[in-house]
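Just so we're on the same page: letters track the sequence lines, and every chain starts at 1.
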Protein chains: 2
Amino acid sequence: MISVLIVDDHDVVRQGLRFVLGQEDDIEVVGECADGARVLAAIAALRPDVVLLDMVMPGKDGLAVLRELGAEPEGPAVIVLASLVEDEQVIEAIRLGALSYLAKTTAVDRVVAAVRAAAVGDSVLEPGTAALLVQRVRRNRRRNPIDLLTPRELQVLTEITRGRANAEIARALGMGRETVKTHVSSVLAKLGLADRTQAAIFGLQQGLVRLDEALDT
Amino acid sequence: MISVLIVDDHDVVRQGLRFVLGQEDDIEVVGECADGARVLAAIAALRPDVVLLDMVMPGKDGLAVLRELGAEPEGPAVIVLASLVEDEQVIEAIRLGALSYLAKTTAVDRVVAAVRAAAVGDSVLEPGTAALLVQRVRRNRRRNPIDLLTPRELQVLTEITRGRANAEIARALGMGRETVKTHVSSVLAKLGLADRTQAAIFGLQQGLVRLDEALDT
DNA sequence: CGGAAGGTCCCCCTTTTGGGGGAGGAGGGG
DNA sequence: CCCCTCCTCCCCCAAAAGGGGGACCTTCCG
């Protein structure tokens with residue numbers, strides 16, 4: 001008997017999974033959580049073999065849950081069930097120990113198959129996800145140009161990304177504006193960009209500053 | 001008897017809704033669609049009283065379906081069931097004729113209530129959604145600063161947002177660089193921004209250029 | 001110990017940017 | 001018809017930005 005814990009903030013999803021899994025003879029849904037905060041406690045109490053985990057939830061999201069879970073090696077097998085499959089999230093989730101990463105668009109029998117696979121430590125991936133992993137392993141380290149930057153340069157780039165001028169950056173980071181210029185120049189050179197405007201766009205793309213938080217000053 | 005059509009690309013969601021609604025005596029699920037493309041045909045064939053519509057779907061999304069549906073006034077009542085509730089989408093969906101806008105986190109009995117309400121033309125909204133609508137009606141037109149801009153200025157701002165310098169913009173838009181400077185100055189003045197970098201961030205926030213398409217040149 | 005890398009600041013220089021005018025032409029509405 | 005907005009380009013000018021040096025310090029590592 002495979003015991004399963006369902007973690008998803010969507011009521012209909014929980015009901016649907018409970019219904020689908022309940023029809024299998026060898027699978028038993030032992031509990032469900034509507035948010036990430038109570039997952040750790042539920043796992044400790046119920047000792048499920050498999051956790052079906054939603055990615056996007058209010059409060060503590062799936063990645064946060066995985067991070068805390070990763071600490072203990074004897075934990076349950078985790079299957080991520082996501083609404084939208086975003087590359088970085090897939091990578092991060094698997095890095096953090098998830099066995100399978102499925103979209104909610106997946107046919108239910110594949111979900112059931114993933115549960116059975118997880119119980120014995122196997123993965124079930126969709127073709128797109130598998131391809132993504134292959135990609136990653138192959139060009140394992142056409143590394144992010146951003147980690148060419150020194151810590152100080154990264155701080156300066158972050159300030160640029162907020163839309164600040166050199167003088168403001170100097171004040172914010174407690175250095176002379178000549179120093180800021182030095183850092184700006186090496187940032188542009190290292191990233192192959194033409195000017196600070198392109199640097200700001202790059203910073204936003206890299207998520208150095210959230211788009212809706214830039215410019216707020 | 002209220003006939004319902006379920007439109008959602010998530011298999012588990014469809015199963016869940018079918019299960020939940022199937023337990024009600026006065027509600028009958030007459031069909032389901034896994035993507036937006038077949039919705040129009042399904043409605044024509046099944047003539048449902050109520051459509052439960054997912055927002056994010058591959059191919060044709062919920063808004064696109066609503067847009068096409070809006071053309072015919074004698075259509076079914078539409079309830080949007082969204083994974084993530086984003087303000088602009090709520091407004092747009094309701095503007096396009098949706099009666100209710102519920103998150104999938106909503107308790108299932110509220111969904112059932114929304115179906116019964118929709119059958120007689122009523123709305124069921126969550127508190128947050130209701131508040132949003134009130135907000136909109138109240139400050140009905142603290143308008144977007146972006147429509148202070150003339151068409152030409154908007155084009156220049158868009159180019160800035162891509163990370164281009166004045167000379168490039170002049171070439172791209174077929175004008176002198178002095179003219180570009182004039183437009184840049186009035187853009188900055190009208191938007192109350194300090195320099196082109198802030199203008200680029202603003203343009204990205206406004207969606208003039210998609211973040212992942214900026215800088216690509 | 002010597003060297004490399006990072007951080008800080010300085011100088012000089014060119015280019016770009018942005019503000020302040022002005023001026024002509026096209027089109028639109030009172 | 002005149003006025004207004006928009007688009008276009010021009011000039012001058014100050015500030016900012018960016019490139020190219022160089023200098024000094026610390027820390028870390030072989």
Side-chain angles (χ1 to χ4, degrees), chain A residues 141 143-206 208-209 214-215 217, chain B residues 141 143-206 208-209 214-215 217:
Chain A
R141 300 282 85 192
R143 74 144 139 336
N144 203 323
I146 207 171
D147 50 42
L148 291 174
L149 302 183
T150 68
R152 217 54 173 152
E153 287 164 354
L154 194 59
Q155 287 182 320
V156 170
L157 176 56
T158 303
E159 293 301 312
I160 291 176
T161 305
R162 285 193 225 278
R164 303 212 209 280
N166 289 344
E168 296 176 284
I169 298 174
R171 243 179 298 117
L173 299 185
M175 57 175 116
R177 69 189 65 186
E178 288 299 327
T179 309
V180 176
K181 285 180 62 176
T182 303
H183 289 312
V184 172
S185 287
S186 52
V187 166
L188 296 180
K190 286 180 177 177
L191 300 181
L193 300 173
D195 53 52
R196 69 195 300 102
T197 301
Q198 295 189 350
I201 295 169
F202 178 86
L204 289 171
Q205 288 175 339
Q206 296 296 314
L208 288 185
V209 178
L215 254 185
T217 328
Chain B
R141 291 310 44 219
R143 77 145 138 334
N144 202 322
I146 207 172
D147 49 42
L148 291 175
L149 302 183
T150 68
R152 217 53 172 154
E153 287 163 354
L154 195 59
Q155 286 182 321
V156 170
L157 176 57
T158 303
E159 293 302 312
I160 290 176
T161 305
R162 284 192 226 277
R164 302 210 209 280
N166 289 344
E168 296 176 282
I169 299 174
R171 241 180 298 117
L173 299 184
M175 57 175 119
R177 69 189 67 186
E178 288 299 326
T179 309
V180 176
K181 285 180 60 178
T182 304
H183 288 311
V184 172
S185 288
S186 51
V187 166
L188 295 180
K190 285 181 177 177
L191 300 182
L193 301 173
D195 54 51
R196 67 198 300 104
T197 301
Q198 294 189 350
I201 295 168
F202 178 87
L204 289 171
Q205 287 176 339
Q206 297 295 314
L208 288 185
V209 178
L215 256 187
T217 325

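Using a 4.0 Å heavy-atom distance criterion, Ala165(B) is classed as a sugar-phosphate-only contact.
Spacing between atom CD of Glu159(A) and atom C1' of dA16(D) amounts to 18 Å, rounded to whole angstrom units. Atom-to-atom, CD1 of Ile169(B) to P of dT17(C) comes out at 8 Å; the value is rounded to the nearest Å. Here the P atom of nucleotide dC6(D) and the CD atom of Gln155(B) are 15 Å apart, to the nearest Å. In this entry the distance linking CG of Asp195(B) with P of dA17(D) reads 7 Å, nearest Å. Counting to the nearest Å, the P atom of dG21(D) and the NZ atom of Lys181(A) are 15 Å from each other. One can place CG of Leu157(A) at 14 Å from P of dG7(C), the figure rounded to the nearest angstrom. Distance, Lys190(B) NZ to dG19(C) C1': 16 Å, rounded to whole Å. Straight-line distance from the CZ atom of Arg152(B) to the C1' atom of dG27(C): 16 Å, rounded to whole Å.
For the pair Thr179(B) and dC7(D), the criterion of a side-chain N or O lying under 4.0 Å from OP1 or OP2 is not met. Asn166(B) has no side-chain polar atom (N or O) that falls below the 4.0 Å cut-off from OP1 or OP2 of dT16(C). Checking the phosphate oxygens (OP1, OP2) of dG18(C), no side-chain nitrogen or oxygen of Ser185(B) falls inside 4.0 Å. His183(B) has no side-chain polar atom (N or O) that falls below the 4.0 Å cut-off from OP1 or OP2 of dC6(D). Of the side-chain N and O atoms in Thr150(B), none sit less than 4.0 angstrom from OP1 or OP2 of dT5(D).
Each of dT8(D), dC7(D), dG19(C) was ranked by its minimum atom distance to the side chain of Leu188(B); first place goes to dG19(C).
In this model, a donor atom of one side chain and an acceptor atom of the other lie less than 3.5 Å apart for Glu153(B) and Thr150(B).
Toward the 5′ end of DNA chain D lies the nearest nucleotide of Arg177(B), the other residue of the pair Ala189(A) and Arg177(B) mapping further downstream.
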- Query: After noting the C-alpha distance and the side-chain angles of Leu208(B) and Leu154(B), does the key distance pass the side chain to side chain contact (heavy atoms under 4.5 Å, CB included) rule?
  - Reply: CA-CA 9 Å; Leu208(B) 288 185; Leu154(B) 195 59; 4.1 Å; yes

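Remark: the backbone N or O of Leu148(B) is paired with a side-chain donor or acceptor of Lys190(B) at under 3.5 angstrom. Looking only at distances, no side-chain donor or acceptor of Glu159(B) sits under 3.5 Å from a matching main-chain atom of Val156(B). Between the side chain of Thr179(B) and the backbone N or O of Met175(B) there is no donor-acceptor pair closer than 3.5 Å.
One N or O donor and one acceptor, one from the side chain of Thr182(B) and one from the base of dC9(D), sit under 3.5 Å apart.
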